[in-house]
Amino acid sequence: VQLQASGGGLVQAGGSLRLSCAASGRTSSIVALGWFRQAPGKEREFVAAIRWSDISTYYPESVKGRFTISTNNAKNTVYLQMNSLKPEDTAVYFCAASRTYYLSSYYFDRHTEYDSWGQGTLVTVSS
């Protein structure tokens, strides 16, 4: 599976951005697709995930209600709609896919469970 993220940019606090992750290759093997972010000097952080089988979505408390993950009907693009952005949302955002068929949603927030990664896209939120 190959992933390509896009859509990052500079936005003012309170604004919105939509990131896209284009998936190609054996997308039928995907179990979950997630978004992670990494700010300078910090560890990679889980942002959102979508389970491929039933399109269930998962979020940490830090973004719940502000971010929405979704996919198109063809399930070859995953979006991350980010609203009410805050300066602390500034980071490089990565999309990743897991093909571990037995992966429980309990572990969707663990970046080590994902085996395919796209290049990052930078999101900068100014105050």
Side-chain angles (χ1 to χ4, degrees):
V1 175
Q2 293 77 45
L3 304 172
Q4 185 164 359
S6 61
L10 174 64
V11 64
Q12 287 189 331
S16 299
L17 274 178
R18 189 176 80 159
L19 306 183
S20 298
C21 177
S24 59
R26 294 189 60 189
T27 58
S28 60
S29 65
I30 295 175
V31 172
L33 198 144
W35 284 96
F36 293 80
R37 66 187 180 189
Q38 189 163 19
K42 294 189 176 182
E43 294 187 355
R44 194 161 293 192
E45 178 188 14
F46 170 67
V47 174
I50 189 165
R51 184 163 56 193
W52 227 229
S53 61
D54 61 4
I55 318 299
S56 299
T57 57
Y58 304 85
Y59 308 93
E61 287 300 321
S62 59
V63 307
K64 195 173 291 184
R66 299 190 298 124
F67 290 10
T68 303
I69 188 171
S70 63
T71 185
N72 59 355
N73 287 338
K75 293 174 75 174
N76 55 15
T77 303
V78 173
Y79 305 100
L80 183 68
Q81 178 68 42
M82 304 185 295
N83 299 328
S84 303
L85 283 163
K86 305 175 182 179
E88 51 264 42
D89 294 318
T90 295
V92 177
Y93 284 70
F94 300 88
C95 58
S98 174
R99 295 173 292 172
T100 303
Y101 70 92
Y102 55 81
L103 181 66
S104 166
S105 59
Y106 184 79
Y107 300 109
F108 281 2
D109 60 347
R110 299 187 181 185
H111 65 86
T112 52
E113 299 294 344
Y114 293 80
D115 48 77
S116 298
W117 289 82
Q119 89 291 0
T121 185
L122 177 62
V123 172
T124 303
V125 183
S126 63
S127 57

Got more than 12 heavy atoms from elsewhere within 6.0 Å of OH, Tyr58?
-> yes

Would you give the length of the straight line joining atom CZ of Arg18 to atom OG1 of Thr68, rounded to the nearest 0.5 angstrom?
-> 11.5 Å

Glu88 and Ser62, any side-chain heavy atoms less than 4.5 Å apart = no

Which heavy atom in Ser16 sits nearest to a heavy atom in Asn83, and how many Å separate them?
-> OG-OD1, 2.9 Å

Residues, nucleotides or ligands: over 12 heavy atoms within 6.0 Å of Gln119 CD | yes

Can you list the steps and then say if Thr124 with Leu10 is a side-chain contact (heavy atoms from CB on, under 4.5 Å)?
-> CA-CA 5 Å; Thr124 303; Leu10 174 64; 3.7 Å; yes

Does the side chain of Gln38 come under 3.5 Å of the side chain of Arg44 through a donor N or O and an acceptor N or O?
-> yes

Parallel, tilted or perpendicular: rings of Tyr114 and Phe36 (30°, 60°) = perpendicular

Can any side-chain N or O of Ser98 pair as donor or acceptor with the backbone N or O of Glu113 at less than 3.5 Å?
-> yes

Please list, chain by chain and in numerical order, all residues satisfying ring-ring contact (aromatic ring centres under 6.0 Å, His included) with Tyr79, sequence neighbours excluded.
-> none

Which other residues end up in the same hydrophobic cluster as Leu85, if Ile, Leu, Val, Met, Phe, Trp and Tyr are linked when side-chain heavy atoms come under 4.5 Å apart?
-> Val1, Leu3, Val11, Leu17, Leu19, Ile30, Leu33, Trp35, Val47, Ile50, Trp52, Ile55, Tyr59, Val63, Phe67, Ile69, Val78, Leu80, Met82, Tyr93, Val123, Val125

If you round to the nearest 0.5 Å, how far is CG of Leu103 from CZ of Arg51?
-> 9.5 Å

Got a second to check how far Asn76's CG is from Ser28's OG, nearest 0.5 Å?
-> 12.5 Å

Rounded to the nearest 0.5 Å, what's the gap from OG on Ser127 to CD on Gln12? Could you check?
-> 9.5 Å

Interatomic distance, OG1@Thr77 vs CD@Gln4, rounded to 0.5 Å, equals 10.5 Å

Would you confirm whether Arg99, through its side chain, and Ser29, through its main-chain N or O, come within 3.5 Å as a donor-acceptor pair?
-> no

